[in-house]
Amino acid sequence: MAKLIIVENDKVEGTDTHGVAGIGPNPGAPPPTATFKGTGRFDYLGKMTDALSDFVKIDDNLSP
C-alpha cells in the first residue's frame, strides 16, 4: 500500500542558517562602511509547489 510523504501544497516552514558576507554601514563610523562575514538565520514559510515527482521509491518498492 502506497503512502504519500509530501503532497502538493503541503506547508513548509523553518529557519535556515548559512554564511553571509559583504559590505554594509559601519555602526562605529568613520569609515562609513565596513566589511562583515558570519552566519545569518533566515525564517521561511511556504508550500510545496514546484519540481514534484509523481512517484517515489522506498525500500526498492515503486509507488505510483
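Basis for what follows: all heavy atoms, side chains included, without hydrogens, waters or symmetry-related copies.
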Going only through I, L, V, M, F, W and Y residues with side-chain contacts under 4.5 Å, is there a path from Tyr44 to Met48? yes
Between Thr39 and Val20, which heavy-atom pair has the shortest distance, and what is it? C-CG2, 4.1 Å
Please report the interatomic distance CG(Asp43) to OG1(Thr15), rounded to the nearest 0.5 Å. 4.0 Å
Is Asn9 close to Thr49 at the side-chain level, that is, under 4.5 Å between some pair of heavy atoms? yes
Would Asn26 and Thr33 count as a side chain to side chain contact (heavy atoms under 4.5 Å, CB included) if you check the C-alpha gap in whole Å, the side-chain angles of each, and the deciding distance to 0.1 Å? CA-CA 5 Å; Asn26 185 358; Thr33 60; 5.5 Å; no
